[in-house]
Enquirer: 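This is the structure, below, for whatever I ask next.
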There are 2 protein chains.
Amino acid sequence: MKKLAAQPLYKQVIREVMAAVEAGEWQEDESLPSEVELGQRFGVSQGTVRKALDALVAESVLYRRQGVGTFVAGMSDFLMRGRFALLTDPKGEVPKIELLGCVKIHAGEQLAEILGLRRGAALWQVRRLLRVAGQIVGLEELLLPEANFPELEMRRIRELKGNLRELCWRDFGVRLQDGETRYRAVCAGSAEARLLQVELNEPLLQLVRLAKDFSGKPQVWSVAWLKTEELAFEPSVSA
Amino acid sequence: MKKLAAQPLYKQVIREVMAAVEAGEWQEDESLPSEVELGQRFGVSQGTVRKALDALVAESVLYRRQGVGTFVAGMSDFLMRGRFALLTDPKGEVPKIELLGCVKIHAGEQLAEILGLRRGAALWQVRRLLRVAGQIVGLEELLLPEANFPELEMRRIRELKGNLRELCWRDFGVRLQDGETRYRAVCAGSAEARLLQVELNEPLLQLVRLAKDFSGKPQVWSVAWLKTEELAFEPSVSA
DNA sequence: AAGTGGTCTAGACCACCAA
DNA sequence: TGGTGGTCTAGACCACTTT
């Protein structure tokens, strides 16, 4: 492998491996060739392959099992990684997701800019409710450009048990990369207050994230609102 | 350096460097010895030192400047590790800490229970302001039992540039362990509104943490309020 | 026993920055 | 020019899992 554009070798390896994963060269939970073999394939040493795989493991594109191999990771959902626990019942609970609806809206100025679209472009708005032990604890709203996700339907979302990452990949060929999450405190607006069954202006923890595909193109804008009055939320270390 | 308890060398180096930082061997924004020198000191190679420093840089305990050196990051304190960036100026900024005051108060019922004290026990209340690029972005309040920290004074806190962890260890022999942080959204009370210069009831991101010593005894209760209107905050991945 | 990931080394070269 | 971080190698050994 040559030094192109002054890019370090390990970054080139990241791109190559990522491309192979996207091309479906190895299936989910199927093991990649060993680090040594990958090194031979790309003409770099095992250490360099390892550094590249480290990055992809950190992004949870891959996972490793010592003594066994490196595997293509399944895709868990992209928002709401973390521990949730009700204060009244402080066990580590996995929240249940309830799909509320999927409607078509049009992008306002800000949203259009964020997603790199023209103003007024069609978007899917998907809303989901989060419950822990039956109690409503959060609301998630996702916005996806209709152009990239034609004919997105509730039925299809439901079939995948709410795993939108996998849906984007399987049905639309869009492989999402986790973006960074911004944490904010906001007041409940009318829509949030109604859906979360809280008072207007009640403070909520807001998580905002822009997920891009691996070419860097913005694909999904997601916002979540969490009730933190009775809920302990601790962001996860990653996957 | 020997292989103790089957711990990899780089993890031992992490612990050693972390301990040295906590002990104040190098001041904030002061450069560490070079990677080669650290390798000689710990009896490991440069590559191993590098792997250890990588982890500490990822946790923003250290930062690097290519061609110059590796430095101790500000905010080696125990709350609010993470990246801060103003939306108007989205560079990774290191917040400055401004000590507001240190007064003696008495524990209410809840606080007494949390810290394992009797009601009305004397506590030190330390308040600090966080600024990024001059702007006020956060307020931190720490509560420490007077019995364990006799004669805590502002002067002593100031001398250590706000590193309360180090003060607890050096002056009082209390070695603090990071606890888990709970993230909440709350409305600004009168005290917070005044100190942060925001409206009453403005939503704020609240971080709450109970730090214990290594025997498991609660020692410091800390609460921080962050303005998230113009500030992007991303919690850091900690060890 | 064989194959994998996990760690570590000694040495090398480059890019960057300061004096 | 000299020192620093940033990258890379070839080879080695260990720990773990499967056969």
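Atom set for the values below is all heavy atoms of this structure, side chains included, hydrogens, waters and symmetry mates excluded. We name chains A, B, ... by the order of the sequence lines, and we start the count at 1 in each one. As the structure is a prediction and not an experimental result, all values here were calculated from the model.
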Enquirer: Closer than 4.0 Å, any side-chain N/O of Arg50(A) to the OP1 or OP2 of dG6(C)?
Expert: yes

Enquirer: Output the rounded distance in Å from CD (Gln40(A)) to C1' (dT4(C)).
Expert: 14 Å

Enquirer: Look only at the side chain of Glu113(A) and the backbone of Gln110(A), and say whether a donor-acceptor pair between them is shorter than 3.5 Å.
Expert: no

Enquirer: Mind checking what makes ring pair (Phe, Tyr, Trp, His ring centres under 6.0 Å) contact with Tyr10(A), not counting sequence neighbours?
Expert: none

Enquirer: Would you please name every residue forming a salt bridge (Lys or Arg N to Asp or Glu O under 4.0 Å) with Arg65(A), sequence neighbours left out?
Expert: none

Enquirer: Under the salt bridge (Lys or Arg N to Asp or Glu O under 4.0 Å) test, which residues partner Glu35(B), sequence neighbours left out?
Expert: Arg50(B), Arg64(B)

Enquirer: In whole angstrom, what separates Gln12(A)'s CD from dG6(D)'s P?
Expert: 19 Å

Enquirer: May I have the distance from Leu38(A) (atom CG) to dC8(D) (atom P), rounded to whole angstrom?
Expert: 16 Å

Enquirer: Report yes if at least one side-chain N or O of Thr70(B) is closer than 4.0 Å to OP1 or OP2 of dG5(D); otherwise report no.
Expert: yes

Enquirer: Test of understanding: with salt bridge (Lys or Arg N to Asp or Glu O under 4.0 Å), list the residues that count as partners of Glu98(A), not counting sequence neighbours.
Expert: Arg131(A)

Enquirer: Considering only nitrogen or oxygen atoms on both sides, find all protein atoms under 3.5 Å from nucleotides 9-12 of chain D and state each distance.
Expert:
from   : atom 1 : to       : atom 2 : distance (Å)
dT9(D) : OP2    : Ser45(A) : N      : 2.9
dT9(D) : OP2    : Ser45(A) : OG     : 2.7
dT9(D) : OP2    : Thr48(A) : OG1    : 2.4

Enquirer: Output all residues satisfying side chain to side chain contact (heavy atoms under 4.5 Å, CB included) with Pro145(A), sequence neighbours left out; order by chain, then residue number.
Expert: Leu117(A), Leu123(A), Asn148(A), Phe149(A)

Enquirer: How many Å lie between OH on Tyr63(A) and P on dT17(D), as a whole number?
Expert: 15 Å

Enquirer: Ala20(A): what forms a side chain to side chain contact (heavy atoms under 4.5 Å, CB included) with it, not counting sequence neighbours?
Expert: Glu25(A), Trp26(A), Arg41(A)

Enquirer: Give the rounded distance in Å between these two atoms: CG of Leu62(B) and P of dG5(D).
Expert: 11 Å

Enquirer: So, using side chain to side chain donor-acceptor pair (under 3.5 Å) as the criterion, who are the partners of Asp213(A) when residues are at least two apart?
Expert: Ser215(A), Gln219(A)

Enquirer: Considering only nitrogen or oxygen atoms on both sides, find all protein atoms under 3.5 Å from nucleotides 17-19 of chain C and state each distance.
Expert:
from    : atom 1 : to       : atom 2 : distance (Å)
dA18(C) : OP1    : Arg65(B) : NH2    : 3.2

Enquirer: Can you tell me the distance, in whole Å, between the CZ atom of Arg64(A) and the C1' atom of dT4(C)?
Expert: 11 Å

Enquirer: Give the nucleotide from the list dT4(C), dC8(D), dG6(C) with an atom nearest to the side chain of Ser34(A).
Expert: dT4(C)

Enquirer: Side chains of Leu142(B) and Leu144(B): does their closest heavy-atom pair fall under 4.5 Å?
Expert: yes

Enquirer: Expressed as a whole number of angstroms, how long is the span from Glu35(A):CD to dC8(D):C1'?
Expert: 15 Å

Enquirer: Is the shortest side-chain N/O distance from Tyr10(B) to OP1 or OP2 of dC8(C) below 4.0 Å?
Expert: no

Enquirer: From CG of Leu32(A) over to P of dT4(C), roughly how many Å is that when rounded to an integer?
Expert: 12 Å

Enquirer: Kindly say if Lys51(A) contacts the phosphate of dT7(D), meaning a side-chain N or O under 4.0 Å from OP1 or OP2.
Expert: yes

